[in-house]
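Down below is the structure, laid out as structure tokens.
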Amino acid sequence: MADIIISNVGPNVSSQFNELRNSEKTPIIELTSVYGLSDLRDIVETIGTGSVSNDATEYLVSTAAGSTDAAILESALRGRYEPGYAGEAGIGARLPDAPTGDQVVRWGMYDSENGAFFGTTSTDIFVAVRRDGTDDIINQGSWNVDNLDGTGPSGVTLDLSEGNIYQVLFTWYGYGVIEFRVVLPNPVTLAQEVITVHRYTPIGETSFVDPNLPLRAEVDNNGTGSPLTLYIGGRAYGIIGRYDPVFRVTSERRQLTGVTSTLTPVISFIRKTEFPAGSGRANSIEVNLEEINLISSLDIAYQVILGGTVNGTYNNYPTATTNIPNDETGLLVNNNATTITGGEVVFQGITSGGGGADRVTAKALLLDFNLPTDLPITLAVSNLEGGTATVRAVFRVTESW
């Protein structure tokens, strides 16, 4: 008897591996559009007079009249894929005015090297798969499931100006189908439906080089001197099924003497720009705060700071205190800084000292906090009493592998 696949009935009961199952989504990234821009959530890149703003309801990814103008809104966090499950990215997008000339608009799950996304030019709506910096573009007329021109199975016509939810569903053992979907109302019942528009199957190579990707939207004037704005709503990424990541613990320790009331950095981590070494692609390792241990001779306050600038240097492992192989971590460590400026406090507390004798004063399990791309995270301390304190500290984070 042939296998039976149930589709379009209630919840998702069929996996991409032809398994009959009812799986809950495990959210990894959930970003609403009503709270403005934040270093904790967003990475903004602009060229010329391009801009990214927020009107308390939507993000506005815009260009002005400069022919080289471009603007990118990217999630600071990356989705993380687990083999054996499907990953699903979703993004709300609205394009009131169509591109002109050579302008290009894109939105989906991708970075400069890899990913899958929707887009449009002045002549075509398209889906695309980017692999190692090269785009395979499939225009709307060539979509192999429903080209959303009113003649497909759904009978629906896609209108970019109305504002729609766009999804990318994929499995990745290196290989596996990528589905492009649009969530639209049925023209007869008006019930919201998920419509698959195209299925992409890689042949002879992996679909992406790296499946851990951010949610991204961009407008590029591409030589055309005309303003254009893409409106972005919510953004989400999740695993369809159980999410049980495998981590390694990366840590560093340091002893600091002469600590005064001035906030002083103790240990700082930052992602390597490229990882693995020689791959030529951005570091996509997920990094989470794990734990701090503090021993102090006096009462101290401590802060965990995102961003900020320290005056020391970031070094490869192994350090003198922690024998972690350099090729086994996607992080650099700083354990020699003496000053820090700027940054945003994500966790803080106070601890009692030893009354002249050192003792363990703090062991803090940190927030469930995922380190955004390209920003350092620093443990810093200050003395709450007169004189100077001696502080010994261990700072731990986890890396997904």
Side-chain angles (χ1 to χ4, degrees), residues 29-38 41-79 89-112 115-130 135 137-140 143 148 157-168 180-184 197-198 213-237:
I29 303 174
E30 294 179 297
L31 302 172
T32 57
S33 57
V34 299
Y35 300 119
L37 292 163
S38 168
R41 298 190 303 270
D42 308 305
I43 296 174
V44 172
E45 299 179 29
T46 59
I47 299 174
T49 51
S51 64
V52 177
S53 59
N54 185 283
D55 63 5
T57 303
E58 297 169 293
Y59 294 97
L60 285 67
V61 185
S62 305
T63 59
S67 62
T68 61
D69 285 3
I72 296 173
L73 171 67
E74 185 175 293
S75 63
L77 304 180
R78 287 173 172 255
I91 184 169
R94 180 170 67 92
L95 188 66
D97 301 307
T100 59
D102 293 326
Q103 289 177 321
V104 184
V105 184
R106 303 178 183 91
W107 59 95
M109 178 194 70
Y110 67 107
D111 60 17
S112 61
F117 52 91
F118 292 80
T120 186
T121 64
S122 61
T123 57
D124 289 293
I125 300 171
F126 60 86
V127 297
V129 174
R130 178 173 292 176
D135 292 353
I137 296 173
I138 304 98
N139 289 326
Q140 184 177 11
W143 293 351
L148 292 184
T157 299
L158 179 61
D159 185 345
L160 300 184
S161 68
E162 291 181 348
N164 305 299
I165 301 168
Y166 300 85
Q167 295 179 339
V168 175
F180 295 87
R181 300 172 167 184
V182 186
V183 183
L184 294 168
V197 300
H198 186 78
L213 295 161
L215 304 170
R216 179 167 170 157
E218 65 179 305
V219 176
D220 187 350
N221 276 358
N222 198 32
T224 299
S226 180
L228 186 64
T229 296
L230 172 66
Y231 293 78
I232 296 296
R235 295 165 288 167
Y237 174 84

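This structure is a prediction, so every number in the text was calculated from the model and none was measured.
- Arg130 meets the salt bridge (charged side-chain N to carboxylate O under 4.0 Å, His left out) test with Asp135; sequence neighbours excluded.
- The shortest side-chain heavy-atom distance between Trp107 and Val61 does not fall under the 4.5 Å cut-off.
- Rounding to the nearest 0.5 Å gives a distance of 5.0 Å between CD of Glu74 and CD1 of Ile43.
- In this structure, Ser122 contributes its side chain and Gly101 its backbone to a donor-acceptor pair below 3.5 Å.
- Here the CZ-CZ distance, from Arg78 to Arg216, works out to 9.5 Å after rounding to the nearest 0.5 Å.
- For Arg235 and Tyr59, the positive end sits near the middle of the six-membered ring, less than 6.0 Å away and at most 45° from its axis.
- In summary, the side chains of Asp102 and Thr224 do not present any donor paired with an acceptor at a separation below 3.5 Å, with no hydrogens or angles considered.
- Proximity of Pro214 to Asp111: side-chain heavy atoms (C-beta onward) are separated by under 4.5 Å at one or more points.
- Residue Thr63 holds its OG1 atom at 11.0 Å from CG of Asn222, rounded to the nearest 0.5 Å.
- Without hydrogens or angle criteria, Asn54 side chain to Tyr35 main chain gives no donor-acceptor distance under 3.5 Å.
- Two residues are said to be in side-chain contact when any heavy atoms from C-beta on lie closer than 4.5 Å; Phe180 and Val129 meet this criterion.
- For the residue pair Leu215 and Ala236, the shortest heavy atom distance occurs at CD1-N, 3.4 Å.
- The OH atom of Tyr237 sits 13.0 Å away from the CD atom of Gln167 when rounded to the nearest 0.5 Å.
- Distance check: Arg41 CZ to Ile29 CD1 gives 12.5 Å after rounding to the nearest 0.5 Å.
- Without hydrogens or angle criteria, Asn221 side chain to Gly66 main chain gives a donor-acceptor distance under 3.5 Å.
- Checked by atom type and distance alone, the side chain of Thr120 never pairs as donor or acceptor with a backbone atom of Val105 at under 3.5 Å.
- Counting only heavy atoms from C-beta outward, the side chains of Leu184 and Leu148 approach each other to under 4.5 Å.
- Here the straight-line distance linking atom CZ of Arg106 with atom CG of Leu230 works out to 12.0 Å at 0.5 Å rounding.
- Under the 4.5 Å side-chain criterion, counting only non-hydrogen atoms from C-beta, Asp124 is not in contact with Gln140.
- Residues passing the salt bridge (charged side-chain N to carboxylate O under 4.0 Å, His left out) test with Arg94, sequence neighbours excluded: Glu58.
- Considering every non-hydrogen atom in both Leu95 and Thr229, the closest pair reads CD1-O, 3.4 Å.
- Across Val197 and Trp143, no two heavy atoms sit closer than the pair O-CB, 3.2 Å.
- Nearest approach of Ser53 to Leu37, heavy atoms of both residues: CA-CD1, 4.2 Å.
- Ser33 is not listed as a side-chain neighbour of Ile232, based on a closest heavy-atom distance of 4.5 Å or more.
- In this structure the side chain of Leu158 reaches within 4.5 angstrom of the side chain of Tyr166, judged on heavy atoms.
- Across all their heavy atoms, Thr49 and Ala64 have their closest contact at OG1-CB, 3.3 Å.
- Ring geometry for Phe117 against Tyr110 counts as tilted: the plane angle lies between 30° and 60°, on a 0 to 90° scale.
- Under the 4.5 Å side-chain criterion, counting only non-hydrogen atoms from C-beta, Leu73 is in contact with Asp42.
- Of the possible donor and acceptor atoms, one in the side chain of Asn164 sits under 3.5 Å from a partner among the backbone N and O of Asp159.
- Taking Asp220 as the reference, nothing meets the salt bridge (charged side-chain N to carboxylate O under 4.0 Å, His left out) condition, with sequence neighbours excluded.
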